[in-house]
There are 2 protein chains.
Amino acid sequence: MKTAVKLLAVTVTIMATSVPAMSDEGMWLYNDPPRQLLKDRYGFEPTDAWLEHLQKSSVRFNSGGSGSFVSADGLIISNHHVGADALQKFSDEKHNYLRDGFYAKTRAGEKRCLDLELNVLMSIEDVTSRVNAAVKPEMKAEEAFAARRAVMAEIEKESLEKTGLRSDVVTLYQGGKYHLYRFKKYTDVRLVFAPEQQIAFFGGDPDNFEYPRYDLDICLFRAYENDRPAQIEHYLKWSTEGVHDGDLVFVSGHPGNTSRQLTMTELEYLRDRQFPYTLQRLYDLEVTLMAYSARSEENGRRARDYLFGVQNSRKAREGMYAGLLDPAIMAKKQADEQQLRAAAAQSPQAKEVLPAWDRIAAAQKIIAQNALRYRLLETGHGFNSTLFDIAHTIARAVEEKPKPNGERLREFRDSNLESLEFQLFSPEPLYDDFEQLKLADSLTWLVEQLSDSDPLVQKILAGKSPRDRASELVRGTKLKDVELRKKLYAGTPADVDAAHDPMIELAKLIDPEAREIRKIVEAQDEIKQQAHAKITQTRLALEKTTPYPDATFTLRLAFGAVKGYEENGRSIPFQTTFAGLYERAAEHHYQPPFDLPQRWLNRKSRLDLNTPVNFVSTADIIGGNSGSPTVNRQGEFVGIIFDGNIQSLVLDFVYTEVQARALSVNSQAIIEALRKVYSAGPLANELLGKKSAK
Amino acid sequence: MKTAVKLLAVTVTIMATSVPAMSDEGMWLYNDPPRQLLKDRYGFEPTDAWLEHLQKSSVRFNSGGSGSFVSADGLIISNHHVGADALQKFSDEKHNYLRDGFYAKTRAGEKRCLDLELNVLMSIEDVTSRVNAAVKPEMKAEEAFAARRAVMAEIEKESLEKTGLRSDVVTLYQGGKYHLYRFKKYTDVRLVFAPEQQIAFFGGDPDNFEYPRYDLDICLFRAYENDRPAQIEHYLKWSTEGVHDGDLVFVSGHPGNTSRQLTMTELEYLRDRQFPYTLQRLYDLEVTLMAYSARSEENGRRARDYLFGVQNSRKAREGMYAGLLDPAIMAKKQADEQQLRAAAAQSPQAKEVLPAWDRIAAAQKIIAQNALRYRLLETGHGFNSTLFDIAHTIARAVEEKPKPNGERLREFRDSNLESLEFQLFSPEPLYDDFEQLKLADSLTWLVEQLSDSDPLVQKILAGKSPRDRASELVRGTKLKDVELRKKLYAGTPADVDAAHDPMIELAKLIDPEAREIRKIVEAQDEIKQQAHAKITQTRLALEKTTPYPDATFTLRLAFGAVKGYEENGRSIPFQTTFAGLYERAAEHHYQPPFDLPQRWLNRKSRLDLNTPVNFVSTADIIGGNSGSPTVNRQGEFVGIIFDGNIQSLVLDFVYTEVQARALSVNSQAIIEALRKVYSAGPLANELLGKKSAK
């Protein structure tokens with residue numbers, strides 16, 4: 001469950017009331033935790049120190065996911081499927097770490113990740129009034145957007161210069177609030193341990209987003225500073241107790257994106273336009289990658305992480321889309337919206353909010369008209385190639401960097417350049433055949449969507465078929481050379497032109513329209529943000545409803561009870577055990593994706609088969625939460641989030657705790673497996689805070 | 001390579017000249033064979049008896065494919081992937097004949113197919129003038145269509161009554177000619193032998209439409225009459241010689257569909273609208289079926305043949321689509337068309353053809369406007385369920401049958417009812433979960449394409465999500481009961497209404513619009529046919545070009561040379577051997593789809609590894625030709641077509657013999673495998689015309 005999250009569809013029973021007064025709903029801000037709710041519902045009152053400790057133990061994986069510190073020497077735990085990106089990138093024709101796993105018995109053997117950046121949230125500051133003050137009521141949307149972008153870049157740069165910390169102004173409540181988040185950054189991150197993908201993702205696509213499950217979906221890294229293990233003040237104590245039925249647990253992580261506060265026009269747009277488009281793109285990609293992967297073992301290795309991500313995303317989106325197609329869910333959203341509008345209409349102070357919905361609808365209409373070209377040209381759906389992304393970034397960087405900080409495209413603001421360069425100069429291996437495959441497929445998609453007679457498409461293809469053009473571009477570009485990237489990035493637009501790199505020339509060809517259409521979409525987003533700000537104020541004033549913002553891949557605190565559920569008249573227990581793992585494999589005759597790694601077959605007798613493997617809770621999570629620590633009242637690590645069940649997929653739009661559940665790997669299973677299956681006693685000892693010979 | 005054929009895309013070198021005066025191009029009519037061309041090019045002059053023998057030895061599989069008689073006792077050979085439909089249908093939870101193969105050691109053990117109809121072409125009669133005479137120049141398109149439909153039904157009924165043979169008027173040259181084809185029909189067809197799917201389709205999707213290949217893609221059936229093996233006059237003598245480099249060979253089979261004579265507007269429609277739509281549908285279906293299949297072995301068995309068909313079709317269409325996106329191919333088609341139009345403009349007699357292109361363009365435009373709803377409602381893309389098809393057929397049958405023969409929807413004409421009923425009353429097993437999966441997926445597709453706000457869509461879904469609606473319909477219908485189908489089919493519309501079957505009610509709900517839109521499309525097709533008839537006449541008069549019609553799943557004769565080719569500087573030999581099969585499996589470490597059935601591993605040492613397995617020729621084939629016999633000058637069976645290489649996929653639009661090749665299984669490999677791997681000596685003896693103890 002990375003940012004591009006996972007899911008399948010089902011009918012869920014949605015709570016009938018619109019105000020979840022007493023439920024486990026919420027992805028709460030650390031500077032606005034649900035103290036009253038926790039007290040009323042669970043009799044629990046977190047101290048400031050408790051909150052600070054959990055916050056600073058939590059880690060964001062910029063590749064898309066969550067994690068946490070679990071030792072004083074910088075050990076970080078996340079999911080295998082979050083670490084997959086790093087595992088893929090340092091594998092090669094002879095080493096398939098993603099499939100086969102990895103264990104560094106010594107610190108010297110820990111393997112440095114090529115381009116993994118981790119962030120730890122150190123502080124939050126509300127800068128809403130400063131951001132809004134920069135935007136004058138008389139400004140047109142485009143000016144307002146530019147003014148807002150400028151003040152955000154200014155705040156971020158000031159903060160970076162003052163604190164040395166990565167500083168991001170994050171937009172919350174769809175524009176209702178702006179907070180400055182400061183992060184400590186780690187860019188020297190090394191792999192310590194990963195199991196085989198087959199045990200991390202036992203059951204494969206069929207069991208993805210399902211429960212009961214039996215997955216050891218973990219991966220251990222270590223943060224380094226100055227070439228030595230980072231010394232960490234805030235890390236989670238490891239619980240050897242696990243969890244019990246009904247326990248209160250917390251999840252601290254980075255839910256990627258939810259759509260709960262969208263208006264009906266925005267939801268209808270998702271249902272009628274965005275989801276169908278995205279699913280079609282994913283189906284096409286999945287088939288293309290499957291066919292490529294089947295051709296040889298090495299192809300399969302090259303495409304492995306990407307294919308996993310596409311399948312995961314497809315299953316997630318199918319589930320969300322099924323939610324949007326469920327009349328019961330849409331009726332509930334409609335009723336909520338009408339209720340708020342009716343309440344506002346009767347309030348002299350709130351009445352002025354009413355045009356906000358129409359403004360959003362009007363903006364959404366313009367976005368819809370531009371969405372296809374925006375996706376194809378600006379978000380890169382027409383040019384699915386890492387080499388193209390590099391080319392486009394370089395072509396823009398040399399134009400953007402000379403501009404004043406506040407006037408640049410947002411990703412080129414001063415405070416972001418270090419992270420951008422870290423990715424741009426990644427030594428990640430790139431394979432010509434795989435780049436060609438993805439580029440030919442996406443150029444074909446581009447022609448399909450815009451038609452062969454589109455003048456820009458004709459220039460892009462230059463009289464060739466998508467396949468021939470992709471081959472020519474990939475073979476012609478020199479951008480696999482990281483040194484060349486650095487040289488061009490440091491140069492002037494004229495230097496870049498003089499390189500005559502065909503991929504950069506393509507990026508420059510599409511860039512004027514890509515920028516133009518981005519400007520249109522950003523202006524409409526500004527209109528929507530202003531309108532949403534008003535709606536948020538009204539909602540907070542009129543409803544005693546849950547005051548947490550939609551997910552934005554920023555740190556949130558969720559809570560819930562460890563709890564099974566009923567399904568088709570069956571009682572689904574709150575946890576599973578190793579015994580169940582072996583039973584499920586046997587049921588499926590050990591055939592993929594229900595096969596077990598050889599080591600797990602050989603060492604079965606060593607394991608305590610009653611050890612709990614996975615458990616479920618009602619905590620409110622979504623894609624991006626993958627790898628989040630699950631902690632108990634004492635703030636101890638009892639598990640790690642790795643998935644949600646099928647019924648949780650509608651959480652994108654509406655919370656429900658009837659059947660929707662968050663899935664965690666149990667902390668006890670991790671220790672048991674490390675010791676008994678992987679002979680990784682020293683690592684287990686480090687997690688338990690014991691001294692070890694290592 | 002069934003009718004829904006197979007393919008991937010490549011750059012092909014297209015011949016520069018537009019008139020293939022001396023090439024192996026052509027899917028020739030048996031009543032108009034290329035005598036002069038064969039004489040000039042190969043010095044071969046087929047006698048009438050030679051042609052008649054090959055024609056009457058050829059068999060059409062109505063499930064989509066070709067085959068031939070190969071013994072006096074009614075033995076028929078086709079491809080495994082053509083027989084797959086039959087193998088799937090009589091498999092069950094305990095028997096997976098499609099995967100595991102089958103061999104009846106005794107005639108009593110031969111297994112009757114549930115709904116397989118075979119046709120043998122007995123005669124051809126040109127009825128063009130009678131068909132055209134019924135259509136008066138002053139008729140509007142809709143009237144003209146009705147008149148043409150009526151006279152065709154009349155001719156067919158007369159013929160059926162006179163001869164007792166299945167009688168079909170087939171449309172050739174897109175409407176340029178109408179021929180009456182009479183077929184002997186076999187509906188008691190029994191399975192004799194099938195190998196494991198893994199050797200029939202060794203290399204799976206990666207090797208599909210590729211060469212070199214090593215596949216034993218065969219299946220043997222026997223035709224029965226009156227519960228005894230049919231006694232066959234015309235069957236092919238089996239060659240034990242195989243083929244040699246450069247040999248002239250013939251292919252006699254049923255190419256499904258080509259688009260070589262389409263105008264540019266029609267080709268552009270295929271490129272810009274139809275192929276993108278169809279590919280998206282296939283990608284979605286493939287992913288849906290893969291995900292379902294992975295959930296359990298039994299799911300995999302249920303979906304096996306359908307998934308194979310979808311993947312095969314996807315790969316084929318990707319290749320064809322890549323051809324349409326190749327500017328070189330389109331430029332050639334454009335030049336051909338311009339040349340003909342220019343020639344016509346200069347000829348006083350031909351000049352009157354010129355408006356024909358505009359008429360086709362205008363008709364194509366109207367078709368394009370209606371195509372989406374036509375596909376969703378009339379061709380069933382919105383209701384992908386066998387139970388729905390049954391419901392729709394019954395709902396229409398009771399309305400159509402009371403009408404005069406010539407006024408019915410064409411599939412309900414008297415001469416076709418027997419075949420229609422044979423399919424409708426098939427005892428094919430239907431699985432609720434699989435029906436629900438397909439129906440939910442296609443209802444989702446329907447909403448996606450037409451939007452949630454479409455009034456008909458709202459009625460179809462009846463306030464439920466696609467998933468819930470599909471479940472309700474499949475669980476509610478009683479149409480799995482074949483006796484009920486028979487009863488309803490024999491009844492009146494009122495009887496059918498009284499059954500209150502929810503699936504029939506759905507069919508009736510959409511039927512008025514489905515009929516209406518079909519009427520629109522048929523009228524435009526009529527306009528196109530009239531225009532194509534004129535273009536064909538002009539082409540035949542002005543160009544000395546190849547006078548064979550586009551493929552229409554009717555019997556055709558192709559010819560060519562056994563011949564390797566050059567690819568990326570490598571020489572690809574004309575044939576492969578068993579030794580190559582084992583090498584390829586070893587190269588891929590015997591991992592799927594390059595694994596071998598256990599029997600093939602065990603019995604390797606018995607085999608003569610130098611036996612040729614597959615060979616290629618320049619014969620002009622396309623999907624639907626699967627299972628066609630390949631014969632030598634003596635009319636002897638030397639092999640069986642089972643695929644075309646990647647470079648052959650553009651044959652849909654234009655013939656080329658530079659690299660495009662037809663793939664056959666060698667007759668020698670079949671005998672060697674039957675004897676040495678399958679211990680099926682008696683069957684091998686029967687093929688060789690030897691007496692056997694059986």
Side-chain angles (χ1 to χ4, degrees), chain A residues 8-11 204-207 268 271-273 275-276 279-280 282-288 290-297 299 311 314-315 318 321-330 440 443-445 447-449 451-453 461 463-468 471 587-589 591-593, chain B residues 8-11 204-207 268 271-273 275-276 279-280 282-288 290-297 299 311 314-315 318 321-330 440 443-445 447-449 451-453 461 463-468 471 587-589 591-593:
Chain A
L8 227 194
V10 279
T11 308
D205 183 70
D207 271 8
E268 283 160 6
R271 181 191 64 192
D272 298 339
R273 304 287 295 271
F275 272 86
L279 276 166
Q280 281 173 16
L282 288 170
Y283 290 136
D284 175 340
L285 254 181
E286 183 168 343
V287 169
T288 302
M290 293 278 282
Y292 169 81
S293 297
R295 296 185 73 84
S296 74
E297 199 176 311
N299 281 9
Q311 289 184 315
R314 177 258 306 160
K315 201 167 175 184
E318 280 183 341
Y321 184 43
L324 288 171
L325 290 178
D326 184 339
I329 289 181
M330 289 301 259
L443 287 174
T444 302
W445 178 254
V447 189
E448 229 176 275
Q449 297 291 316
S451 114
D452 199 66
S453 54
L461 291 178
K464 303 196 178 57
S465 70
R467 200 171 296 251
D468 289 344
S471 160
E587 254 171 47
H588 285 271
H589 311 293
Q591 290 302 300
Chain B
L8 229 195
V10 280
T11 309
D205 184 69
D207 272 7
E268 283 160 6
R271 181 191 64 192
D272 298 339
R273 305 286 296 270
F275 272 86
L279 275 166
Q280 282 173 15
L282 289 170
Y283 290 136
D284 175 341
L285 254 181
E286 182 168 344
V287 169
T288 302
M290 293 279 281
Y292 169 81
S293 296
R295 295 186 73 83
S296 74
E297 199 176 314
N299 280 9
Q311 290 185 313
R314 176 260 304 160
K315 201 167 176 184
E318 281 183 340
Y321 184 44
L324 288 171
L325 290 178
D326 184 339
I329 290 181
M330 289 301 259
L443 287 174
T444 302
W445 177 255
V447 190
E448 226 176 276
Q449 297 290 317
S451 114
D452 201 65
S453 55
L461 291 178
K464 303 197 177 58
S465 71
R467 201 170 298 248
D468 290 344
S471 160
E587 253 171 46
H588 286 270
H589 311 293
Q591 290 302 301

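Only this structure's heavy atoms are used, side chains among them; waters, hydrogens and symmetry mates stay out. Chain letters run A, B, ... following the sequence lines, proteins first, then strands; residues in each count from 1.
Comparing L325(A), L461(A), D205(A) by how many heavy-atom pairs each has under 4.5 Å with chain B, the most go to L325(A). With respect to chain A, the highest number of heavy-atom pairs below 4.5 Å among L282(B), D452(B), L285(B) belongs to D452(B). Among S453(A), G463(A), S451(A), the residue with the largest count of heavy-atom pairs under 4.5 Å with chain B is G463(A). Chain B forms the most heavy-atom pairs under 4.5 Å with one residue out of Q311(A), K464(A), Q591(A), E587(A), and that residue is K464(A). Looking only at heavy-atom pairs under 4.5 Å with chain B, the residue among S293(A), P327(A), G204(A) that has the most is P327(A).
Nearest heavy atoms, F275(A) versus L324(A): CD1-CD1, 3.6 Å. The shortest heavy-atom contact between R467(A) and A440(A) is CA-CB, 4.0 Å.
Contact check for P466(B) versus W445(B): no side-chain heavy atoms found under the 4.5 Å cut-off.
In this structure, the portion of Q449(A) lying under 4.5 Å from any heavy atom of chain B is its side chain and not its backbone. Contact of T444(A) with chain B is made through backbone and side chain together, with heavy-atom distances under 4.5 Å. With a threshold of 4.5 angstrom between heavy atoms, D284(A) approaches chain B through its backbone and through its side chain. At a 4.5 Å heavy-atom cutoff, the contact between E448(B) and chain A is made by backbone and side-chain atoms alike. Looking at R273(A), there are no atoms closer than 4.5 Å to chain B (heavy atoms on both sides), in backbone or side chain. Of the two parts of M330(B), neither the backbone nor the side chain holds a non-hydrogen atom closer than 4.5 Å to a non-hydrogen atom of chain A.
Interatomic distance, CG of D468(A) versus CG of D326(B), reported as 6.5 Å (0.5 Å rounding). Interatomic distance, H589(A) NE2 to E297(B) CD, rounded to the nearest 0.5 Å: 5.5 Å. Atom CG of L279(A) sits about 15.5 Å away from atom OH of Y283(B), to the nearest 0.5 Å.
Residues meeting the salt bridge (charged side-chain N to carboxylate O under 4.0 Å, His left out) test with E286(A), sequence neighbours left out: R314(A). With sequence neighbours left out, P206(A) forms a side chain to side chain contact (heavy atoms under 4.5 Å, CB included) with P593(A), F594(A), A294(B), R295(B).
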